[in-house]
Every structure is written in C-alpha cells, then in structure tokens.
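Below, all heavy atoms of this structure are taken into account, side chains as well, without hydrogens, waters or symmetry copies. These numbers come from a predicted model, not from an experiment. Just so you know, residue 1 is the first one in the sequence shown, and it goes up from there.
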Amino acid sequence: MLELHSVSFSYDSPIFKEITFEVAEGEVIGIVGNSGAGKTSLLKVIAGLLDPTSGEVLFEGKKVKGPSHQLVPGHEEIKLVNQDFGLDIYHTVEENIREKVLYLPRHERDELVMELLELMELSHLSKQKALLLSGGEQQRLALARAIAGEPKLILLDEPFVHLDARLRLKISNYLLQMKAVRGTSFILVSHDGAEILSLANRIIYLSNGEICRIDTPEEFYFNPRSKEEGELFGVINSIRLNNQEILFRPTEFEVSTELSENKIKVKFVDVQFAGTHFVNYFQTENQEEIILFYPTSLINEKEISIKSRN
C-alpha cells in the first residue's frame with residue numbers, strides 16, 4: 001500500500017534521511033523516538049504536506065505529490081491527525097464531523113455521526129463550537145473527522161497524549177476494528193512506545209533522523225539493544241553482571257532460591273502500591289537502582305535472580 005524509498009527531508013539541516021519502509025493494507029506501524037527525531041515531519045511528508053528533499057513516497061504504486069506539485073496539499077486517501085487538529089473552529093462539533101461524511105446517504109450519514117460522537121464521548125458537546133473545546137476534546141474531534149472520511153491510511157501524531165487510560169483503550173479498540181473490518185492501515189507516532197505496544201504490528205525506532213531498528217513490539221520490549229531504546233517502552237533496569245551490561249524489565253526476575261543462577265544481592269529501599277502490583281525499589285551491591293514489580297511487597301528479600309528473555 002505505502003512505500004518509502006530513501007526519503008530525506010531538510011530545512012537548514014537534515015531532519016531525517018534515507019528512510020525506507022513499507023506499510024501493508026490493514027497493518028499498524030508504530031514510529032517511536034525521542035523529541036526531535038523527525039517523527040512529525042516524516043508524517044507530513046507521507047501525507048503530501050511537505051516535499052521530500054530526496055527519495056519518493058508511493059501510495060498504491062503512485063507517487064504522493066507534495067505541496068509544490070498541487071494546489072491543495074495532501075492526499076485524499078491519507079489523513080493526518082496531528083497537534084494542529086485542522087478543525088473548522090467556528091462550526092459545531094457535529095458539523096465538523098458531518099461535513100466529512102457528505103458522501104454517504106442521509107440515514108448512514110446520521111448513524112456514523114452519532115456513532116463517532118458517542119465513541120469520542122462528545123455527544124454532550126455536539127452543538128458546541130470547536131473553538132470552545134479543550135485541547136483533549138479538540139484532539140478527539142480531529143480523530144473523529146479523520147475516521148469519518150474512511151481513508152485507507154490514517155497517520156496519528158501522539159494520538160493519546162490528551163486521553164485518559166479508559167478512553168485510550170476504548171478508541172484503540174475501535175481503531176483495531178477498523179483495521180479488521182475495513183482493512184484500514186495506521187501509522188502511529190509517539191515518544192512513549194508503551195502506548196502503542198498493544199496496537200502495532202511492527203515498530204520503527206527513529207533516532208537522530210535515521211531508522212535504527214524495525215522489529216515487533218515483543219522484541220522491542222523484551223530485547224532492547226540499549227538502555228535508551230528500552231526506556232522508550234517502559235521501565236527497564238540496567239546492571240553490570242559478569243562484566244556485562246544486563247537489561248531486564250521489572251517483571252523479569254524471581255525471588256532467589258538455592259538453585260537459582262545469576263543471583264544478585266539487593267538492598268530494599270522502598271515500596272509503592274500501584275493497584276495491580278507493588279513497585280519495589282532496591283539497590284545492588286554496586287549501588288545500581290532497580291525496580292521490581294510484584295504482587296506483594298518484597299521488603300524482606302535480599303537476593304533475586306534475573307529471568308530475562310534475552
């Protein structure tokens with residue numbers, strides 16, 4: 001469906017360079033990286049809102065034209081939802097969605113508008129002008145407009161930044177249904193990889209404008225190649241063991257027994273209750289700080305063993 005071939009983009013200096021990857025129909029791709037990695041600019045190039053400095057973007061075998069090649073920038077089958085939102089701020093919430101479904105018969109149009117208002121929990125604001133919405137409400141409205149147009153590819157830039165956990169799960173499930181039923185493809189960009197672990201089929205790690213790795217969510221989470229990479233997907237511990245750096249997640253351990261290998265002596269520091277588990281803080285003999293998740297407090301533990309999947 002989508003192909004990027006050695007795509008680069010620069011202002012006064014390079015923003016990203018030599019980006020090459022493909023997105024299949026019905027695939028969800030996550031792009032993860034720290035601020036300044038070039039993620040947002042990459043989405044704009046894919047959407048045809050910026051001209052690449054070099055390389056080309058193909059959608060269904062045809063080149064995506066940038067703003068220098070067409071009067072109205074953008075591609076009709078690719079919709080970008082970013083922090084600009086792109087709303088008609090003097091129209092109501094309902095009008096903002098309705099104007100994107102004019103291609104449908106009247107009764108289907110009404111049903112889809114109501115469905116999206118309910119999904120985004122904006123029904124009570126349907127007659128409110130978009131100008132008066134909060135940032136989170138505007139983001140949800142922008143996402144509703146993108147979905148309403150039924151594009152083949154939706155690009156989402158930090159889509160969950162203003163959403164609470166409950167609403168994030170609700171909208172995520174709807175996006176997965178779109179993928180399954182319509183074959184919609186998504187590219188999700190985030191600086192917090194943990195947000196997209198459950199959604200993405202593959203993840204692209206972008207650093208300093210270059211692709212460092214393309215892999216599955218499971219491989220990124222359990223087998224990070226560096227502490228910096230690992231931290232993008234949640235809490236990770238780093239210790240020196242047998243003259244090697246060992247990376248492991250807070251659940252990749254067991255309480256030490258006589259038969260355990262790779263025993264680590266630890267000193268209890270603190271514990272916090274986090275609902276589904278306790279967050280236990282320890283120090284190693286080398287003064288390394290580690291965090292362990294466990295169903296109970298580990299206040300009496302003095303040794304653990306790493307049970308990493310590496």
Q: Taking all heavy atoms of Ser6 and all of Thr20, pick out the closest pair and write down the distance.
A: N-OG1, 2.8 Å
Q) Is the number of heavy atoms from other residues, nucleotides or ligands under 6.0 Å of Lys265 NZ greater than 12? A) no
Q) Looking only at heavy atoms, which two atoms of Pro224 and Arg213 are closest? And how far apart? A) CA-NH1, 3.9 Å
Q. How about Glu137 and Ser134: does a side-chain donor come under 3.5 Å of a side-chain acceptor?
A. yes
Q: Take the angle between the ring planes of Phe268 and Phe282 and call it parallel below 30°, perpendicular above 60°, tilted in between.
A: perpendicular
Q | Any Phe21 side-chain heavy atom under 4.5 Å of Ile204 side chain | A | yes
Q. So, the side chain of Arg249 versus the backbone of Val235: is there a donor-acceptor pair under 3.5 Å, distance only?
A. yes
Q. Short question: side chain of Arg145, backbone of Asn96 - any donor-acceptor pair under 3.5 Å?
A. yes
Q: Could you tell me if the ring centre of Phe222 sits under 6.0 Å from that of Phe220?
A: no
Q: Might you point out which heavy atoms bring Asn34 and Lys39 nearest each other, and give the distance in Å?
A: O-NZ, 3.1 Å
Q. So, does Gln70 use its side chain to make a donor-acceptor pair with the main chain of Gly74 at under 3.5 Å?
A. yes
Q.
Keeping Thr53 on the side-chain end and Ser10 on the backbone end, is there a donor-acceptor pair under 3.5 Å?
A. yes
Q: Determine whether the side chains of Glu254 and Tyr294 contain a donor N or O and an acceptor N or O closer than 3.5 Å.
A: no
(Q) Show the nearest heavy-atom pair for residues Ile97 and Ala148, with the distance to one decimal. (A) CG2-CB, 4.2 Å
(Q) With a 6.0 Å cut-off (strictly less than), is the heavy-atom count around CD of Glu245, excluding the residue itself, greater than 12? (A) yes
Q | Asp84 CG to Thr40 OG1 distance, which is reported to the nearest 0.5 Å | A | 9.5 Å
Q. Taking Ser126 for the side chain and Val93 for the main chain, is one N or O donor matched with an acceptor at less than 3.5 Å?
A. no
Q. If you round to the nearest 0.5 Å, how far is CD1 of Ile31 from CD1 of Ile203?
A. 11.0 Å
(Q) I'd like to know whether Glu210 forms a side-chain hydrogen bond (donor to acceptor under 3.5 Å, both in side chains) with Tyr205, so could you lay out the CA-CA distance, the side-chain angles of the two residues, the decisive distance to 0.1 Å, and finally the verdict. (A) CA-CA 8 Å; Glu210 298 184 33; Tyr205 171 37; over 6 Å; no
Q | His277 NE2 to Ser297 OG distance, which is reported to the nearest 0.5 Å | A | 13.0 Å
Q. Side-chain donor-acceptor pair under 3.5 Å between Glu195 and Ser190, yes or no?
A. yes
